[in-house]
Student: 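The structure under discussion is supplied below as structure tokens; questions concerning it will follow.
The figures that follow rest on heavy atoms only: side chains count, while hydrogens, waters and symmetry mates do not.
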Amino acid sequence: MTLSWNEIRSNAHAFVKDWSGETSENAEAKPFWIDFFAIFGMKRKGLVRFEEPVKRSDDSQGFIDVLWPGQILIEHKSADKDLDKAYTQALDYIPGLRDRDKPKFICVCDFNRFKLHDLEEDIWSEFTIDELPKHIQDFGFIAGYKKRIYKDEDPVNIEAAYLMGRLHDALEANGYTGHNLEVYLVRLLFCLFAEDTSIFDKDLLRYYIENKTSGDGSDLGARLAQLFQVLNTEESARQKNLDEDLAAFPYVNGRLFEEPLFIASFDRNMRETLLNCCALDWSKISPAIFGSMFQSVMNAEERRNLGAHYTSEKNILKLIKPLFLDELYEEFGKAKKNKKKLREFHKKLSTLKFLDPACGCGNFLIITYRELRQLEIEILKILEKDEGKIATRLDDIVWINIDQFYGIEIDEWPARIAEVAMWLMEHQMNMKLSAEFGEYYLRLPLEKTANIHNANALRLDWKEVVAPGELSYILGNPPFVGSKLLNKEQRVLMAELFVGVKNGKILDFVTAWYLIAAKYIQESEIKVAFVSTNSITQGEQVSVLWNELINNYTIKIHFAHKTFKWSNEAKGKAAVYCVIIGFANFDENNKRLFEYEDIKGEPQERSVININPYLVNSIDIIITNKGIPIGNVPKMHFGNMPLDGGNLLFTNQEKEEFLIDEPNSSKYFLRLISAREFLNNGIRWCLWLEDANPKEIKSMPMILERIKRVKEFRLNSVAPSTQKHAETPSLFRDRNRPDTFIVIPSTSSERRDYIPIGFFDKENIANNSCHIIPDATKYHFGVLTSTMHMAWMRAVCGRLESRYRYSKDIVYNNFPWPKDISEKQEAKIAELADKVLQARELYPDSSLADLYDPLTMPPPLLKAHKALDRAVDRAYRKAPFTSEAQRLEFLFDLYQEYTSGMFVEEKKKKRRGKKGQHP
């Protein structure tokens, strides 16, 4: 039984009274340390070893005075002996110990003086025996108390996952598989955490395995089965002659150990693996991340990249703080000076309910629970502390419980992990409460549990999980699966959910959760927030998804994090470009927009009037595909698709070799401009045979052979449209060759401040990886290469991974050009655009990729762009723009003027009555 700090301090004072002033002449080390460990309620025999034999580094025999394997090594000396020398002696013993027995602490003592070294944190503590009560917390690890400093990438996380992976593989190889294996591992995980976090007595499981099972592992499975049975049996119902080491385990309940499982078979290596698991300090692993780590255990491929897929606590807080936590702390700040209001606020916290409909291993629920419990501790510190003493039993005043949390998870393993992780976080918060009030608080047996449903969230009616009238918040991180990567079942689900929604097939999988949530929260005060890939706020998906949400379900965005990099620091880390969107079925005056100057950095928060689907402070505009530009500017076209199987295309070397055999073909070669060649100074060529003389072509057999292969390629296609083009095998599928044209690559790096744009003449052929604007002027070039256009492009374009995906129908045709521009302004923009082209020519050996890399962009080119930007800005308005956010707000307003009557009208939204009101 774990003692409270008040009991431990009381015992420490008694120990000092008994032992202070003793010397080696009339005292022995063993009873001294037996009494010392008893301060912490540790009385189990055999756990601590005295005079433990060990080989020193010089291979001579030594004896450790006191050893608690894996925890502390103590070297005890006579009074006034050199403790530094004793410490050196203690260090010399460590190499002779097994890895799992190596200590985390070294203590040297001479009855009167103590020197304690925390080897992991490299923290020293030195004091006399009379000062022991003041330093007793330094030994808190003996009772299971220890300050937890969780590190997302602490090596213990990875090591624990690998060890559990080895155990998983060994059990599976022996035929212990499926549901039985998953439940078995979850039980072991709970036990491993329990003995390092004071649910069990310290090292109770390890001692049981080491001392009560055979070294060859032959009886380990049966012993664990007996242990699981004991953990599921109330103390009063246990057999009277039960082994005392089994009887020391508490009754757990919570249905965790209820289900009968087949007895697993172990061998020597598997037993060693489990003991090595016991030797790890499981108290260092935060339940918020361990679930995702161990989810990877079940998949050998994922295990190679352990740690790459969990969601960091920092990112989770980005969602839950603006969703509810900031508001609750604001309410707490207003109520804490009035105990009546504070009690009412405390009661309110106990009624809040949370649902994560794609909960995985429960990360969001765990952190949410932890933050609510922390807030409750702050409340209790005001309400219940009376001159440092607790006024009421903790069990009566802790009102927040894990049964306020609901989750839906399609896979059983993470669903079970989520349940256990919630229990473990509950216990850790109980320990934090115990440390705060000095009273040990343990909720055992487990009577309540998080409501985790193992089901498909897109099939299950969420109202069967929790009624809308009871729920306060929906939150989570639904799966990141692009529309083109959906499996067959996912495509069927999406088709069923978005039936009747035009172009619903282009939507990413995450949008299904948005739609179901929007339906669920109708006529309620429920708030929702999801992490999503940023694709749902860009390109074509915006018009499909948000037109449905806004027009049919009156959804309003309350807060948003604009695009940022959602990642962790694990090796082989998984990085995704994400947004966080908080929304509801009602409007709210105070909206919060978080913007990132650096997508890997910290956001800047702005209070805004409205947040539209592009996460811009503007009205709820939906930008749809348009066939022609909204302004009086030249039309944009796709480049020319060869559709030739590569037979009409040549590298520089291939062209030179071809001309040796067919010298008369030189006049049919034109420079091919693809995005790759355009950006990287590459050289490719194409045979352009439009208007070629048939007689002349027939006289060149190598060209005829190329044409023949094009015809065969097109005829062999399964696409009827491609087969049709076999009728004209000498020609590109598209044949757009204007006298002059602007080229914009379809895809460009997100690192660039400006998409490189170029001018070309008819001696160049742009292929289908580019867009072209025939007969455009330098004025058009100037506006398109300006920061104003780049801001618009970044806001509305689609993405290919993280790269910009330029679109003529979304980006170009919807771009609001300057209105009522004077001839003088137009001429000035054209003049400065020409200076940009001239600045490029100063560096003939540098590619556009080099010139527009933010790290290598030459100052003359940057200066030319900045001058052009100022001229374009003045064409829009006289006042300068100080941020991209300002530019976008202006452009969306201008877009509204251009398209009045063409965009989706904003419906009248319901507004909340009082801020902070909950159902």
Side-chain angles (χ1 to χ4, degrees), residues 292 309-311 315-316 318-320 323 355-361 363-365 407-411 414 455-460 462 473-499 501 503-521 527-550 552-553 555 557-567 574-584 611 613-615 622 798-802 805:
S292 298
H309 301 289
Y310 73 83
T311 303
N315 282 334
I316 293 171
K318 286 181 179 178
L319 183 149
I320 68 173
L323 177 62
L355 168 65
D356 184 344
C359 71
C361 294
N363 304 33
F364 281 81
L365 296 176
I408 306 172
E409 170 53 39
I410 193 169
D411 293 322
N456 187 331
L458 305 189
R459 295 278 189 204
L460 179 66
W462 296 4
Y473 302 98
I474 299 172
L475 70 169
N477 182 13
F480 296 163
V481 185
S483 59
K484 295 181 180 178
L485 300 176
L486 298 175
N487 62 34
K488 185 177 180 180
E489 182 183 3
Q490 290 167 339
R491 290 186 190 282
V492 170
L493 284 168
M494 292 291 285
E496 291 175 357
L497 286 169
F498 287 94
V499 62
V501 177
N503 295 325
K505 291 182 179 180
I506 71 170
L507 293 174
D508 289 350
F509 199 40
V510 69
T511 60
W513 277 261
Y514 277 79
L515 182 62
I516 295 175
K519 294 177 179 179
Y520 179 91
I521 66 175
K527 290 184 174 182
V528 185
F530 289 136
V531 180
S532 315
T533 44
N534 60 2
S535 55
I536 70 166
T537 62
Q538 301 165 343
E540 292 181 285
Q541 290 200 52
V542 176
S543 63
V544 179
L545 173 65
W546 291 98
N547 190 55
E548 181 75 6
L549 297 181
I550 292 173
N552 292 336
Y553 299 100
I555 293 302
I557 298 175
H558 289 190
F559 76 88
H561 279 261
K562 298 188 77 167
T563 298
F564 65 98
K565 194 172 185 179
W566 180 276
S567 64
V576 186
Y577 294 88
C578 293
V579 294
I580 298 173
I581 301 176
F583 62 93
I611 302 174
Y614 299 91
L615 308 189
I622 306 292
R799 301 283 175 127
L800 183 61
E801 296 170 338
S802 59
R805 187 73 166 165

Student: Between atom CZ of Phe364 and atom CD1 of Ile320, what is the distance when rounded to the nearest 0.5 Å?
Tutor: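 It is 8.5 Å, given to the nearest 0.5 Å.
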Student: Kindly compute the distance separating CZ (Phe530) from OG1 (Thr511), expressed to the nearest 0.5 Å.
Tutor: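 One finds 11.0 Å between CZ of Phe530 and OG1 of Thr511.
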Student: Between Trp462 (side chain only) and Ala457 (backbone N and O only), is there a donor and an acceptor less than 3.5 Å apart?
Tutor: yes
Student: Is Arg459 salt-bridged to Glu489, going by a charged N under 4.0 Å from an acidic O?
Tutor: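 No salt bridge links Arg459 with Glu489.
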Student: To the nearest 0.5 Å, how far apart are CG in Leu549 and CD1 in Ile555?
Tutor: 6.0 Å
Student: Report yes if the side chains of Phe509 and Leu485 come closer than 4.5 Å at any heavy-atom pair, otherwise no.
Tutor: no
Student: Restricting to non-hydrogen atoms, name the atom on Leu497 and the atom on Ala512 that form the minimum distance, rounded to 0.1 Å.
Tutor: CD1-CB, 3.6 Å
Student: Tell me, do Asn315 and Val531 make a side-chain contact under 4.5 Å, heavy atoms counted?
Tutor: no
Student: Mind checking whether Asp508 and Tyr514 have side chains closer than 4.5 Å, heavy atoms only?
Tutor: no
Student: Find out whether Phe583 and His558 are in side-chain contact, i.e. whether some heavy atom of one side chain is under 4.5 Å from a heavy atom of the other.
Tutor: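 They are not in side-chain contact.
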Student: Nearest 0.5 Å, please: how far is CZ in Phe564 from CG in Asn534?
Tutor: 10.0 Å
Student: For a quick test of reading the model, state the closest non-hydrogen atom pair linking Pro357 to Trp513 and the distance between them.
Tutor: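 Where Pro357 meets Trp513 most closely, the heavy atoms are O-NE1, 3.1 Å.
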Student: Should Glu540 and Asn503 count as side-chain neighbours, where that means a heavy-atom distance under 4.5 Å?
Tutor: no
Student: Can you give me the closest heavy-atom contact between Val510 and Pro478, atom names plus distance?
Tutor: CG2-CB, 3.7 Å
Student: Do you know the tightest heavy-atom contact between Cys359 and Glu409?
Tutor: SG-CB, 3.7 Å
Student: Strictly distance-based, threshold 3.5 Å: is any side-chain N or O of Gln541 a donor or acceptor partner for the main-chain N or O of Leu507?
Tutor: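 Not confirmed, Gln541 side chain does not pair with Leu507 backbone.
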Student: Under 4.5 Å between any side-chain heavy atoms of Ile550 and Pro613, yes or no?
Tutor: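 Sidechains of Pro613 and Ile550: in contact.
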Student: Looking at Leu323 and Tyr473, what are the two nearest heavy atoms and their distance?
Tutor: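 Nearest heavy atoms, Leu323 then Tyr473: O-CE2, 3.6 Å.
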Student: Would Leu486 and Leu493 satisfy side-chain contact (heavy atoms from CB on, under 4.5 Å), going step by step from the backbone distance to the final call?
Tutor: CA-CA 10 Å; Leu486 298 175; Leu493 284 168; over 6 Å; no
Student: With a 4.5 Å limit on heavy-atom distance, are the side chains of Val501 and Leu515 in contact?
Tutor: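 Contact flag for Val501/Leu515 side chains = no.
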Student: Within a strict 4.5 Å, meaning less than it, do heavy atoms of the Asn363 and Asp356 side chains meet?
Tutor: no
Student: Treating Trp546 as the side-chain partner and Ile536 as the backbone partner, does any N or O pair qualify as donor plus acceptor under 3.5 Å?
Tutor: yes
Student: What's the shortest heavy-atom distance between Ala560 and Leu615, and which atoms?
Tutor: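 Minimum heavy-atom contact is CB-CD2, 3.7 Å.
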Student: Could you grab the distance from atom CZ of Phe480 to atom OG1 of Thr533, nearest 0.5 Å is fine?
Tutor: 6.0 Å
Student: Roughly how far, to the nearest 0.5 Å, is the SG atom of Cys578 from the CG atom of Asn477?
Tutor: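 Here the rounded value is 7.0 Å.
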